Amino acid sequence: MGRGAAGARVARELLGKLLVRREGRKLLVGRIVELEVYLGENDPAAHAAVGLTERNRVLFGPPGFAYVYFIYGNHYCLNVSCMPEGRAGSVLFRALEPIAGIPEMQQARGLEAKPGARTQRLLTSGPGRLAEAFGITRVRDNGKDMTNDESDLIIAADGYRPQKILATARIGVTKAADMPLRLFIAGNEFVSVRRL
DNA sequence: ATATCGATTATCT
DNA sequence: GATAATCGATATG
């Protein structure tokens, strides 16, 4: 298996699974419908391309841990590490289909006053949006084990399997911009658009 | 419908 | 000092 294949395989397994946030007795749940693969040190578009730094060290740790970064002075984005310790491949969560805790997500996004299917799509359709809807920040979540039931941010499964997965180039990257490492569930309403 | 642009700061050169 | 794995607002067709 090639260097990028392990990350791509993890990504395909992750599509259709659930991102779950525990807020006290409330649960926020979203189905993972879009993500991007970052290949680690050899991927010019990856944060790990510069080698191990204070910021990206979670990427070089064991798989299943949350890597949260802050971007454009405004937004947090969530990755999960997916390579053995010492290698830095990860998957960026790009879009979720809201499943439960929708009122809480609306409140977190400042969209509670505007109900309707139109705003429903704005809740978690984009990496910055889903992070805001789930209250994800670097201080709160970076380095968290997303495979441990004790965590308040985990990945769970309900048996759903995507019928068809499509791949395109990654969004917003300027280096290695042609690699088809953005994966999404074909036809899902909550996939972010912006390119084919 | 698409295009362009400003916000705002951590991180790296 | 420049850039960035983005978003939302505004302008224009």
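Keep in mind the model is a prediction, meaning the values are calculated, not measured.
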Atom [atom1] of [X] and atom [atom2] of [N]: how far apart are they, to the nearest Å?
X	N	atom1	atom2	answer
A/Leu92	C/dA4	CG	P	16 Å
A/Leu39	C/dA5	CG	P	14 Å
A/Leu78	C/dT6	CG	C1'	15 Å
A/His75	C/dG8	NE2	P	7 Å
A/Arg57	B/dT11	CZ	C1'	14 Å
A/Asn56	C/dA5	CG	P	12 Å
A/Lys175	B/dC12	NZ	C1'	10 Å
A/Arg170	C/dA4	CZ	P	14 Å

Minimum-distance nucleotide (side-chain atoms of [X] versus [options]):
X	options	answer
A/Tyr67	C/dA5, B/dT13, C/dT6	C/dA5
A/Asn74	B/dA7, C/dC7, B/dC12	B/dA7
A/Ser90	C/dA5, B/dA7, C/dT6	C/dA5

Query raised in the report: With centres under 5.5 Å and planes under 30° as the test, does A/Tyr69 stack with B/dA10?
Result: no
It should be established whether [X] places a side-chain nitrogen or oxygen under 4.0 Å from OP1 or OP2 of nucleotide [N].
X	N	value
A/Arg182	C/dA5	no
A/His47	C/dA5	yes
A/Arg129	C/dG8	yes
A/Thr53	B/dT11	no
A/Arg121	C/dC7	no

Query raised in the report: In terms of hydrophobic clusters joined by side-chain contacts under 4.5 Å, are A/Val10 and A/Leu153 together?
Result: yes
Query raised in the report: Across all strands shown, which nucleotide pairs with C/dA5 by Watson-Crick or G-U wobble geometry, both distances under 3.5 Å?
Result: none
Query raised in the report: Taking atom CG of A/Leu130 and atom CZ of A/Phe93, what is their separation to the nearest 0.5 Å?
Result: 8.5 Å
Report summary line: Output for pair (A/Arg129 CZ, A/Phe134 CZ), nearest 0.5 Å, gives 15.0 Å
Report task. Look at the aromatic rings of A/His47 and A/Tyr69 and report parallel, tilted or perpendicular, splitting at 30° and 60°. Result -> perpendicular
Report task. Carefully, step by step, assess A/Tyr160 and A/Ile185 under the rule side chain to side chain contact (heavy atoms under 4.5 Å, CB included). Result -> CA-CA 12 Å; A/Tyr160 176 88; A/Ile185 298 177; 4.2 Å; yes
Report summary line: Paired with A/Arg31, the side-chain hydrogen bond (donor to acceptor under 3.5 Å, both in side chains) test is passed by just one of A/Asn188, A/Thr124, A/Asp158, namely A/Asp158
Query raised in the report: With sugar-phosphate meaning primed atoms plus P, OP1 and OP2, does A/Gly128 contact a base, only sugar-phosphate, or nothing at under 4.0 Å between heavy atoms?
Result: sugar-phosphate
Report summary line: Comparing nearest nucleotides in DNA chain B, the 5'-proximal residue of the pair A/Tyr72, A/Arg138 is A/Tyr72
Query raised in the report: Mapping A/Arg109 and A/Phe70 onto DNA chain C by nearest heavy atom, which one lands closer to the 5' end?
Result: A/Phe70
